[in-house]
Enquirer: 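Below is one structure. I have some questions about it.
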Amino acid sequence: ECGRVCLDFPNFNFNVSHHGDYVAIASEPLCLVGLDIVSHKIPEKETVLEFIQNLRSCFSSSEWDQIVTAGSNDEILTEFYRFWCLKEAFVKAIGSGLAIACGLHKVEFHHTSCTNIFVKVDGVKDANWRFWLSELGKRHLVSVAKGHPRSATENYKRTLKQIQVSQEEYNESLLLPNARFVFRTVEELVSVIHKAKTS
């Protein structure tokens with residue numbers, strides 16, 4: 001429906017995530033967008049190292065080294081969730097979700113204190129992506145991934161109106177600053193919905 005009347009939003013897509021105390025949504029008019037929230041939960045029945053070891057196969061050797069040498073148990077867990085959050089946002093953006101789970105180690109992230117983030121897929125740096133990673137609230141991380149429509153899975157591409165995008169148009173969209181999240185409580189959202197229904 002939007003494609004018929006909203007020519008400025010040829011690939012309008014959105015992504016939703018929830019974990020812990022937050023639910024978030026991100027949308028894009030042209031680029032692909034993926035979003036993930038993680039809450040730093042400390043494992044109850046196993047040690048931090050036992051917990052992360054269960055997911056060892058999802059990380060490259062470089063990522064794994066950065067995780068296990070992060071410092072204290074809390075720092076190890078935080079670094080683990082940083083990489084996990086980035087990977088989730090990326091696979092959600094391209095539309096593969098868990099279909100790529102067995103190959104997550106081939107999607108390798110690099111970052112410097114949550115900045116200068118880039119991804120290598122099968123060992124090759126992909127400059128067609130931008131990532132943001134930040135604290136959303138106490139013990140919560142959020143990651144947003146923006147990428148080129150041609151990176152979408154074949155099934156996902158069928159839902160997009162404009163796969164072929166000029167480099168200039170794509171760069172203009174990709175390099176827009178990441179808008180900050182607008183925080184709303186459940187009570188505020190219910191109030192807005194109630195007002196809309198009574199208007």
Enquirer: Looking only at heavy atoms, what is the nearest atom pair of K92 and V16, with distance?
Expert: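 Smallest heavy-atom distance, with atoms named: NZ-O, 2.8 Å.
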Enquirer: Would you call I52 and V68 a side-chain contact if the rule is heavy atoms closer than 4.5 Å?
Expert: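 Yes, side chains in contact.
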Enquirer: Taking ring-ring contact (aromatic ring centres under 6.0 Å, His included) as the definition, give me every residue that meets it alongside F109, ordered by chain and number, with sequence neighbours left out.
Expert: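 Here the qualifying residues are F131.
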Enquirer: Would you check if the distance from the ring center of H105 to the ring center of F59 is below 6.0 Å?
Expert: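 Between F59 and H105, which both carry aromatic rings, the centre distance is not below 6.0 Å.
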Enquirer: Return yes if some donor-acceptor pair links the side-chain N/O of K157 with the main-chain N/O of I163 below 3.5 Å, else return no.
Expert: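 Judged by distance alone, no pair lies under 3.5 Å.
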Enquirer: Is there a chain of hydrophobic side chains (I, L, V, M, F, W, Y, each step under 4.5 Å between heavy atoms) that links L133 to F80?
Expert: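 Yes, because L133 and F80 connect within a single hydrophobic cluster, where side-chain heavy atoms sit under 4.5 Å apart.
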Enquirer: In the structure I gave you, are the side-chain heavy atoms of L160 and L32 within less than 4.5 Å of one another anywhere?
Expert: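 A side-chain contact under 4.5 Å exists here.
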Enquirer: Before giving the answer on ring pair (Phe, Tyr, Trp, His ring centres under 6.0 Å), spell out for F90 and W129 the whole-Å C-alpha distance, their side-chain angles and the decisive distance to 0.1 Å.
Expert: CA-CA 9 Å; F90 177 76; W129 285 87; 4.9 Å; yes
Enquirer: Is the shortest distance from a Lys or Arg side-chain nitrogen in K45 or E50 to a carboxylate oxygen in the other one below 4.0 Å?
Expert: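 Salt bridge absent between K45 and E50.
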Enquirer: Looking only at atom types and distance, does a side-chain atom of N15 sit under 3.5 Å from a main-chain N or O of L35, one as donor and one as acceptor?
Expert: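 Such a contact is found between N15 side chain and L35 backbone.
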Enquirer: Please list every donor-acceptor pair under 3.5 Å in which a side-chain atom of residues 17-30 meets a protein atom from a residue at least two apart or in another chain.
Expert:
residue : atom : partner : partner atom : Å
S17     : OG   : D36     : OD1          : 3.4
S17     : OG   : I37     : N            : 2.9
H19     : ND1  : S39     : N            : 2.7

Enquirer: What distance separates E108 CD from S61 OG, expressed to the nearest 0.5 Å?
Expert: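 If we round to the nearest 0.5 Å, E108:CD and S61:OG are 6.5 Å apart.
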Enquirer: Which pairs, with at least one residue in residues 131-140 and sequence neighbours excluded, count as a side-chain hydrogen bond (donor to acceptor under 3.5 Å, both in side chains)?
Expert: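 Non-adjacent pairs meeting side-chain hydrogen bond (donor to acceptor under 3.5 Å, both in side chains): D74-R139.
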Enquirer: What do the steps show when you test L141 against W84 for side chain to side chain contact (heavy atoms under 4.5 Å, CB included), and what is the final call?
Expert: CA-CA 10 Å; L141 287 169; W84 187 260; over 6 Å; no
Enquirer: More than 12 heavy atoms of other residues, nucleotides or ligands under 6.0 Å from CD of E168: is that the case?
Expert: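 Open.
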Enquirer: Run the side chain to side chain contact (heavy atoms under 4.5 Å, CB included) check on V38 and E88 step by step: do they pass?
Expert: CA-CA 10 Å; V38 292; E88 282 278 338; 6.0 Å; no
Enquirer: List in chain and number order the residues that pass side chain to side chain contact (heavy atoms under 4.5 Å, CB included) with Q66, two or more places apart in sequence or in another chain; answer none if no residue qualifies.
Expert: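 Q66 satisfies side chain to side chain contact (heavy atoms under 4.5 Å, CB included) with E79, F83, H111 once adjacent residues are dropped.
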Enquirer: How about S143 and K87: do any of their side-chain heavy atoms sit closer than 4.5 Å?
Expert: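 No, side chains not in contact.
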Enquirer: Sequence neighbours excluded, which residues qualify as side chain to side chain contact (heavy atoms under 4.5 Å, CB included) partners of S191?
Expert: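 Side chain to side chain contact (heavy atoms under 4.5 Å, CB included) list for S191, sorted by chain: K195.
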Enquirer: Parallel, tilted or perpendicular: which fits the ring planes of Y81 and H40, with parallel below 30° and perpendicular above 60°?
Expert: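 Y81 and H40: tilted rings.
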Enquirer: How many angstroms lie between atom CD1 of I67 and atom CD of E75, to the nearest 0.5 angstrom?
Expert: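 With rounding to 0.5 Å, CD1 (I67) is 13.5 Å from CD (E75).
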Enquirer: Could you note down all residue pairs passing ring pair (Phe, Tyr, Trp, His ring centres under 6.0 Å) where residues 151-188 supplies at least one of them, sequence neighbours left out?
Expert: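 Residue pairs passing ring pair (Phe, Tyr, Trp, His ring centres under 6.0 Å), neighbours aside: H148-Y170.
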Enquirer: For residues V119 and V107, report the shortest heavy-atom separation together with the two atoms involved.
Expert: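 Nearest heavy atoms, V119 then V107: CG2-CG1, 3.7 Å.
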Enquirer: Are V144 and I117 co-members of a hydrophobic cluster defined by side-chain heavy atoms under 4.5 Å apart?
Expert: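 No; V144 is not reachable from I117 via cluster members.
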Enquirer: Distance-only, no hydrogens or angles: does the K146 side chain make a donor-acceptor pair with backbone N or O of S173 under 3.5 Å?
Expert: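 Side chain of K146 to backbone of S173: a pair is present.
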Enquirer: Please report the closest heavy-atom contact between E63 and C58, naming both atoms and the distance.
Expert: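 The answer is OE1-O, 4.4 Å.
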Enquirer: If Ile, Leu, Val, Met, Phe, Trp and Tyr residues are connected whenever their side-chain heavy atoms lie under 4.5 Å apart, and connections chain through other members, are V33 and L136 in the same group?
Expert: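 Yes, because V33 and L136 connect within a single hydrophobic cluster, where side-chain heavy atoms sit under 4.5 Å apart.
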Enquirer: Test your reading of the model: is there a side-chain donor-acceptor pair from K106 to the backbone of S60, 3.5 Å cut-off?
Expert: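 Such a contact is absent between K106 side chain and S60 backbone.
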Enquirer: Sub-3.5 Å donor-acceptor pair from the side chain of T69 to the main-chain atoms of D65, do we have one?
Expert: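 Between the backbone of D65 and the side chain of T69 there is a qualifying donor-acceptor contact (under 3.5 Å).
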Enquirer: Say you draw a straight line from CZ of F118 to CG of D126; how long is it, rounded to the nearest 0.5 Å?
Expert: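 Going from CZ on F118 over to CG on D126, the span is 11.5 Å.
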Enquirer: Can you name the closest pair of heavy atoms from A93 and G34 and give their distance?
Expert: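 Shortest heavy-atom separation between A93 and G34 comes out as CB-N, 3.4 Å.
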